[in-house]
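Note that the structure is a prediction, hence the values are computed from the model and not measured. Chain A is the first sequence line, chain B the second, and so forth, proteins listed ahead of strands; every chain is numbered from 1. Keep in mind that the numbers below use all heavy atoms, side chains included, and drop hydrogens, waters and symmetry copies.
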Amino acid sequence: MSVFFGLLENVLEEGLIYGIMAMGVYITYKILDFPDLSVDGTFPLGACVTAALIASGANPYLACLAAFLCGSAAGAVTGLLHVRLKITDLLSGILTMTAMWSVNLVITNGSAVLPYYNKPTVFTSGFASLFPKGLRLHRIAVIAFLCVLIVKLALDWFLKTKTGLLLRSAGDNPQFLTSLAVDPGKIKIMGLAIGNGCTALAGSVLSQQSESADITSGTGMVVMALASVIIGTTIFKRVKFLKPTTMAVLGAAVYKACLSVAMMLGLPTNYLKLLMAVIFTAALYANNMFSKERRRQNATIKL
Amino acid sequence: MKKIISVILAAALTLGLAACGGKTAASGQEQKTYKIGVIQYATHPSLDNIYKGFLEGLNESGLKEGENITINFQNAQGDKANGDMQAKNMATANVNLIMGIATPAAMSAYSAAKEKEIPVIFSAVSDPLAAGLVKSLEAPGTGCTGTSDVLNLEAQLKMIRAFLKDAKKIGIIYTTSEANSVSQLEQIKKIAPNYGFEIEAVGVTNASEVATAAASVVAKGADCINNFTDNNVVDNLSTVLHEANAAGIPVFGSEVEQVKNGCLASESIDYVELGRETGRMAAKVLTGKADINTLAVKTFSTCTPVYNEKVMKALSLALPSDYSNAEAVKSGS
């Protein structure tokens, strides 16, 4: 039984950390309606920046902040490519993602894997070292939860501010922004910056948990993040008191749980990607079903 | 739909629970059984050979799967995130030892097992110090030890010189993101002048660039191409061979599997033996005959020459007299 709870905790840890990224992708994909592929590059960017800083003795909290800022800068590049150079959304994401590979290698000084075992991280130093002994075993889950909570509250707050409202209308109704004499392009760039900042932060936290950074760790992040957002918003759609940001985090946890269960049941790793695609498809299909249902309901009300 | 999903999830979780329950019940037998978790980073002939050798090494030391050990074998399929999760699940399942094949798998195992003080045995890690896995090769002191494979570049260069008396330039294709390749390149650049060679290296970042790189190495006048243990280049060996054959120059491999696939010759490390030694070390740690913190890392650099006769004839070369004892391997065997 304790093994079961242990495994559950593993899933929770991973789900929470990837949840930070899912919240970022929620902003770009759901709010801005921008399929942002640069995530594959900004996730390892966060990890590499963190590894380089912590390995040279920087404060881990500072490293998190630096990762967020670097991710934001990369996101802004995607936005600038799309808005100013009029490159399509998919392509500008691909361009940033490709460029990030080289940037990450420069940051890690040419090595593909940068370990920093036994250096202070957010999980071992500062606030985490104050934990009483019983809690220390579960500190990764606790710290990950706190990180998610902070990011979630900040995003929820931001989306309610005037700028946040402008951001929300940029995806739904860009003409409305133009009528307010606001440049929708600028708002889009800002949204992408925030989204990729969150992604890089997730990369940073995950790298601090495994105490190493791997420049190939970004592969498949877009799919994972999109699947998390779609699964989360589909399954928990009817739960009124949940904010969409929370749904994204829960989606990431559900997604990780599915993979973990499949692995434990002995599914060969070769089929994991196929399983990912199947889960993703199921979520997309369910999403469409729901919207159809709702449309029908609306129609009956009108009648 | 929501209900269906939740039913499926609930069913899956219950099944998982049942599976865990079954395993814990089995471990309460009289005879001591050890649980070993093995993570292999990718499917790759050398790495497969290591796992084969590892099982043999355990058998030699009296540990047999199904009798007194249970092995949970996982392949990360080249994705470190998979490896991390597998390692964490093994640590949570309280295995007695985790074995990691290749550097990324060893690193996943180490970071997951560190807290719970589960011993970690690695294999095929070229530079455990740089990977941060051990404090020193003699006394690891980190709860982590194993075997390290180091390419014997001196022997390789000597062999190339024996085959090609007049060669001046060795072409090398390497992947810039693979730490092993970068350090091997530095080494070979240092020692190449001793054998009268110049190194013409071209870096690539992914599989699609290998063909261009091979063509550019050939165009720069390389007299032969030499491979490292570079996963990307080895996986695209046929592309390299295609360019080299078109120019009529030989390719030297870094292990026997590449020679089987069409390289001329190689000073090859025996990966089955590497695995066997790793298995023996694991058995010592499990049975308490050795302390993981003081068990020194074993470095393998002894190599045996192998060559491909068909390729040699196609290039109209002769086997050098110093290498008459070299083992001939057949293509595709």
Side-chain angles (χ1 to χ4, degrees), chain A residues 1-11 13-14 101-102 104-105 108 110-113 115-118 137 140 206 209-212 214-217 219-221 224 231 234-238 254 256-266 268-270 272-273 282-283 285-286 289-290, chain B residues 1-2 4-6 8-9 11-13 15-17 19-21 23-24 40 43 72 74-89 91-94 103-104 107-108 110-112 114-116 130-133 135 142 144 175-183 203 205-206:
Chain A
M1 205 59 195
S2 65
V3 171
F4 175 71
F5 281 115
L7 290 174
L8 206 62
E9 197 181 328
N10 287 353
V11 170
E13 283 167 12
E14 296 228 336
W101 180 272
S102 301
N104 290 341
L105 273 173
T108 60
S111 58
V113 183
Y116 50 100
Y117 292 118
N118 305 320
L137 270 176
I140 291 180
L206 190 77
Q209 192 224 327
S210 67
E211 302 189 356
S212 65
D214 183 348
I215 65 153
T216 59
S217 61
T219 321
M221 282 303 145
M224 188 191 291
I231 291 172
T234 310
I235 297 184
F236 303 103
K237 198 175 228 171
R238 300 289 171 81
V254 169
K256 275 282 160 191
C258 291
L259 289 188
S260 200
V261 165
M263 255 192 230
M264 271 175 39
L265 293 180
T269 328
N270 299 10
L272 272 189
K273 298 269 180 205
Y285 180 67
M289 288 266 290
F290 273 133
Chain B
M1 197 60 180
K2 191 173 76 183
I4 298 175
I5 292 176
S6 50
I8 292 173
L9 265 179
L13 284 173
L15 271 174
L17 187 62
C20 302
K23 268 177 208 155
T24 34
Q40 181 177 327
T43 309
N72 177 5
Q74 300 274 358
N75 190 323
Q77 294 298 349
D79 186 346
K80 185 150 188 298
N82 282 343
D84 281 342
M85 191 173 223
Q86 287 156 349
K88 262 193 227 167
N89 288 349
T92 309
N94 286 318
T103 312
M107 288 171 70
S108 298
Y110 176 54
S111 62
K114 207 163 59 143
E115 184 106 340
K116 290 194 135 188
L133 292 169
K135 283 183 189 149
T142 48
C144 190
T175 308
T176 49
S177 59
E178 293 197 24
N180 287 349
S181 308
V182 176
S183 73
T205 59
N206 61 32

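- Proximity to chain B (any heavy atom under 4.5 Å) is shown, for A:Asn104, by neither the backbone nor the side chain.
- Using a 4.5 Å cut-off between heavy atoms, A:Glu9 makes no contact with chain B at all.
- A donor-acceptor pair under 3.5 Å is absent between the side-chain atoms of B:Gln40 and the main chain of B:Gln74, judged by distance alone.
- Remark: the B:Ser108 side chain and the B:Asp84 side chain contain an N/O donor-acceptor pair separated by less than 3.5 Å.
- For the pair B:Asn89/A:Asn10, a side-chain contact is recorded, criterion being any heavy-atom separation below 4.5 Å from C-beta on.
- Contact count versus chain B (heavy atoms, under 4.5 Å) is highest, among A:Leu105, A:Asn270, A:Val113, for A:Asn270.
- Side-chain N or O atoms of B:Lys116 include one that pairs as donor or acceptor with a backbone N or O of B:Ala91 at under 3.5 Å.
- In terms of heavy-atom pairs under 4.5 Å with chain A, the best-connected choice from B:Lys88, B:Lys114, B:Met107 is B:Lys88.
- The choice from B:Thr176, B:Asp79, B:Asn82, B:Thr92 that makes the most heavy-atom pairs within less than 4.5 Å of chain A is B:Thr92.
- Comparing A:Gly220, A:Ser260, A:Gly266 by heavy-atom pairs within less than 4.5 Å of chain B, the highest count is held by A:Ser260.
- Within the 3.5 Å criterion, the main-chain N or O of B:Gly132 finds no donor-acceptor partner in the side chain of A:Tyr116.
- Residue B:Thr103: no heavy atom, backbone or side chain, is found under 4.5 Å from chain A.
- For a residue to count as touching a neighbouring chain, one of its non-hydrogen atoms must lie under 4.5 Å from one of that chain's; by this rule A:Ser210 touches chain B with backbone and side chain alike.
- Residue A:Ser102 does not touch chain B at all, counting heavy-atom pairs closer than 4.5 Å.
- Contact annotation for B:Ala76: only backbone heavy atoms (N, CA, C, O) come within less than 4.5 Å of a heavy atom of chain A.
- Side-chain contact between B:Gln77 and A:Lys273 is absent, with no heavy-atom pair separated by less than 4.5 Å.
- In this structure, B:Thr142 contributes its side chain and B:Leu133 its backbone to a donor-acceptor pair below 3.5 Å.
- For A:Asp214, the part sitting under 4.5 Å from any heavy atom of chain B is the side chain, from C-beta outward, and nothing else.
- For the atom pair OG1 of B:Thr43 and CG of B:Asn75, the computed distance is 4.0 Å after rounding to the nearest 0.5 Å.
- Residue A:Lys256 touches chain B through both its backbone and its side chain, counting heavy-atom pairs closer than 4.5 Å.
- Of the two parts of B:Asn206, neither the backbone nor the side chain holds a non-hydrogen atom closer than 4.5 Å to a non-hydrogen atom of chain A.
- With a 4.5 Å cut-off on side-chain heavy atoms, A:Glu211 and B:Tyr110 do not count as touching.
- Proximity to chain B (any heavy atom under 4.5 Å) is shown, for A:Leu206, by neither the backbone nor the side chain.
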